[in-house]
Amino acid sequence: MSTPLSAEQKIVHFLNRTSFGPAPGNIQKAARIGIRAYLEEQLAANQIADDTADARVAGLKSMRLSSRELIELYPPPRVQRQQATPPNGMSMQSMEGPRAVILELQQAKLMRALYSNRQLYEVMVDFWSNHFNIFAAKGANRWLVTSYDRDTIRPLALGKFRDLLVATAKSPAMLFYLDNWMSASPDSPGAQMGGPNNRRRGLNENYARELMELHTLGVDGGYTQKDVQEVARCFTGWTIVQPRGQGVFRFLPRIHDNGEKTVLGQRIPRGGGMEDGLRVIDILVKHPSTAQFIAAKLVRRFVADDAPAAIVNKAAEAFRQSDGDIATILRAIVDAPEFFSREVYQAKIKNPLEFVTSALRVTGSEAQVTPQLLRYLGRMGEPLFLAQAPTGYPDIASSWISADMLLTRMNFVMDLVSNRLPGTKVPADTLKKRDELIRRIAPDSLSPATQTVLAQADGDQAVALLLAAPEFQRR
């Protein structure tokens, strides 16, 4: 029988799973108020002051702009060259292309992961951003994903799953990414008139398939190809007004399929219009496969790659009983006895975002989010907002432990502790107080091999080796 975790190990484990790693002071606070009180505080994210993170993100101009403003102020290079007079009196030198939009979006994400006091909220924003993934470099998405992050994912990351599902379904970024904005009933008047570039519109099944396979039921959730076709019919007319112009959602009745549909055995009467899509969402949210699928993904994120069935079942039941309330599901996961078992302690491999942010947080580093820092994430395999597949970035160890990736992690921590990263500074006290750093990383749980390596090093090298050790690579 395995030995239970010590009180200090439980706190570090809890913080590693519900944040981007403990920063100085977090462990002491959790010990003082208790893990459950700490969790409740984090779940009430709107009540947590976040001045530091907000002030840093406020310096990024594009984060405040609408999609239409972004398209106007950050046009493609070829459009920029053609503009004799820049919009709003701007000089040509002050204008940048859409790469600048994506760069600032990446900077904002990393800044919040580093400095936000709402750590569990930021973890959930990242979780849902991968669950409802959008590839930011696809066409008009270069201007649409800023709003997707700000106005779709972030407001609902700790709310109701149904609300999040509706918001993503209406999102111009999602409609463009999975091509639903062009989907139309082949027999509708709008399809006969043609779409952009005079292309004939037709039924597109991309969004319908991913809605069931990746967003709700799961690949083995009990749907058929016929269900995919029927769901696609229900979402015809859910489109975008000028993806590279206004970039806003609109339902167009003239391209909608008004016929009767049947989805997962449930009849949807003819003539429902936009309500057909909302009816599908209600059917999917209430389907038992959805509760099980979402619960399994959350347990995989917070507990172990091989999600323990007992916790998955508890989380799925919490989903059903709470009508998909995300905070309630998270409580069920953390409250499960298995969450603090020895078997899942340090069982998860950090992905690149978690590794970089936790290294900066645990050392108390002051960091400017520079392109060089973001490039390290790319070299480790996780360029932010640039996962091309609709599955997003994976959440299992095998995806992040290649030899090249581990070498890049080692190079990163060496640059970090040697203060070779522009705009980043590790406090001198951190480098001097190695034992305190060990307690923040792995109290009473360094392996004999790691202890031997650390005993043969000192100064900056010892800290770098500690951050490269398996105990820190894991969470």
Side-chain angles (χ1 to χ4, degrees), residues 60 62-63 65-68 70-71 74 76 97-110 112-113 122-157 159 161 163-183 204-216 232 235 238-250 277 281 294 297 301 351-353 374 377-378 381-395:
L60 303 173
S62 68
M63 300 303 296
L65 303 178
S66 68
S67 297
R68 181 172 186 168
L70 290 173
I71 293 166
Y74 299 87
R99 288 186 180 180
V101 178
I102 297 176
L103 174 62
E104 289 201 345
L105 189 61
Q106 294 172 324
Q107 289 176 311
K109 184 180 182 76
L110 189 49
R112 288 181 173 125
E122 294 299 333
V123 166
M124 290 308 301
V125 168
D126 182 60
F127 175 85
W128 294 122
S129 295
N130 281 298
H131 183 80
F132 297 106
N133 182 56
I134 299 291
F135 178 45
K138 178 182 177 179
N141 274 342
R142 292 175 291 177
W143 299 278
L144 299 175
V145 173
T146 296
S147 175
Y148 182 70
D149 176 72
R150 180 188 62 218
D151 305 323
T152 301
I153 299 295
R154 299 187 66 81
L156 300 168
F161 179 74
D163 295 338
L164 190 53
L165 198 59
V166 172
T168 55
K170 290 182 177 180
S171 165
M174 182 66 75
L175 290 165
F176 188 87
Y177 175 57
L178 292 178
D179 305 312
N180 199 80
W181 76 287
M182 284 290 295
S183 186
N204 191 292
E205 299 176 3
N206 289 356
Y207 175 69
R209 181 173 290 102
E210 307 306 358
L211 174 64
M212 290 191 284
E213 178 178 332
L214 300 180
H215 298 172
T216 55
F235 280 99
W238 290 51
T239 188
I240 313 168
V241 179
Q242 298 175 314
R244 295 176 186 254
Q246 296 183 50
V248 295
F249 168 78
R250 180 175 294 173
I281 287 174
I294 299 301
K297 285 198 71 172
R301 167 60 183 80
N351 66 29
L353 177 62
L374 291 169
L377 287 175
E382 192 180 7
L384 302 179
F385 297 100
L386 293 174
Q388 296 190 38
T391 48
Y393 287 116
D395 192 23

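The structure presented is a predicted model; accordingly, all values stated were derived computationally and were not measured. When reading the values below, keep in mind they use all heavy atoms of this one structure, side chains included, and skip hydrogens, waters and symmetry mates.
- Distance check: Ser147 OG to Leu105 CG gives 10.5 Å after rounding to the nearest 0.5 Å.
- Between the side chain of Trp143 and the main chain of Tyr74, a donor-acceptor pair closer than 3.5 Å is present.
- Ring-centre distance between Trp181 and Tyr207: not below the 6.0 Å cut-off.
- Once rounded to the nearest 0.5 Å, the distance linking OG of Ser67 with CD of Gln246 reads 11.0 Å.
- For residues 128-137, the set of pairs meeting the salt bridge (Lys or Arg N to Asp or Glu O under 4.0 Å) definition, not counting sequence neighbours, is empty.
- Applying the side-chain hydrogen bond (donor to acceptor under 3.5 Å, both in side chains) rule to Ser171 yields no partners; only residues at least two apart in sequence or on another chain are considered.
- Without hydrogens or angle criteria, Asn141 side chain to Phe176 main chain gives no donor-acceptor distance under 3.5 Å.
- For residues 163-173, there are no salt bridge (Lys or Arg N to Asp or Glu O under 4.0 Å) pairs, not counting sequence neighbours.
- Contact of the Val125 side chain with the Asp149 side chain is registered, since non-hydrogen atoms from C-beta on lie closer than 4.5 Å.
- Environment of CZ in Arg150: crowded, with over 12 heavy atoms of neighbouring residues, nucleotides or ligands closer than 6.0 Å.
- Rounded to the nearest 0.5 angstrom, Ile102 CD1 and Leu384 CG are separated by 11.5 Å.
- For Arg244, there are no salt bridge (Lys or Arg N to Asp or Glu O under 4.0 Å) partners, not counting sequence neighbours.
- Counting only heavy atoms from C-beta outward, the side chains of Val123 and Arg301 approach each other to under 4.5 Å.
- Contact annotation: the side chain of Thr216 never approaches that of Ile294 to less than 4.5 Å [non-hydrogen atoms, C-beta and beyond].
- Residues Ala167 and Leu156 come closest through the heavy atom pair CB-CD1, 3.6 Å.
- Shown here for Ala208 and Ala232, the closest heavy-atom pair between the two residues is CB-N, 3.5 Å.
- Between Glu210 and Pro390, the closest heavy-atom pair is OE2-CG, 3.8 Å.
- Across all their heavy atoms, Pro243 and Leu144 have their closest contact at O-CD2, 4.0 Å.
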(request) Let me see the working for Phe385 and Thr146 under side-chain contact (heavy atoms from CB on, under 4.5 Å), right down to the final yes or no. (result) CA-CA 10 Å; Phe385 297 100; Thr146 296; over 6 Å; no
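- Below 30°, between 30° and 60°, or above 60°: for Trp128 and His131 the angle between ring planes is above 60°, a perpendicular geometry.
- When all heavy atoms of Asn206 and Leu178 are compared, the closest pair comes out as CB-O, 3.1 Å.
- Here the CG-CG distance, from Leu110 to Leu374, works out to 6.0 Å after rounding to the nearest 0.5 Å.
- Within the 4.5 Å cutoff, the side chain of Thr152 has no heavy atoms near those of the Phe132 side chain.
- The pair Glu205-Arg209 meets the salt-bridge criterion, since a charged nitrogen lies less than 4.0 angstrom from a carboxylate oxygen.
- Within the structure, salt bridge (Lys or Arg N to Asp or Glu O under 4.0 Å) pairs that include any residue of residues 123-148 comprise Lys109-Asp126, Lys138-Asp179 (at least two apart or interchain).
- Within the 4.5 Å cutoff, side-chain heavy atoms of Leu211 are placed close to those of Leu165.
- When side chains are defined from C-beta on, Asp395 does not count as touching Asn130, because their heavy atoms never get closer than 4.5 Å.
- Within the model, atoms OG of Ser129 and OH of Tyr148 stand 7.0 Å from one another, a figure rounded to the nearest 0.5 Å.
- Heavy atoms only, all atoms of each residue included: Pro98 and Pro76 are closest at CD-CA, 3.9 Å.
- Put simply, CD1 on Ile240 and CE on Met174 are 11.5 Å apart, with the number rounded to the nearest 0.5 Å.
- With sequence neighbours excluded, no residue satisfies ring pair (Phe, Tyr, Trp, His ring centres under 6.0 Å) with Phe135.
- Asn351 contributes no side-chain N or O that, together with a main-chain N or O of Glu382, makes up a donor-acceptor pair within less than 3.5 Å.
- At a threshold of 4.5 Å between non-hydrogen side-chain atoms, the residues Tyr393 and Leu386 count as touching.
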(request) Would you please test Tyr177 and Asn133 for side-chain contact (heavy atoms from CB on, under 4.5 Å) and show each step? (result) CA-CA 9 Å; Tyr177 175 57; Asn133 182 56; 3.9 Å; yes
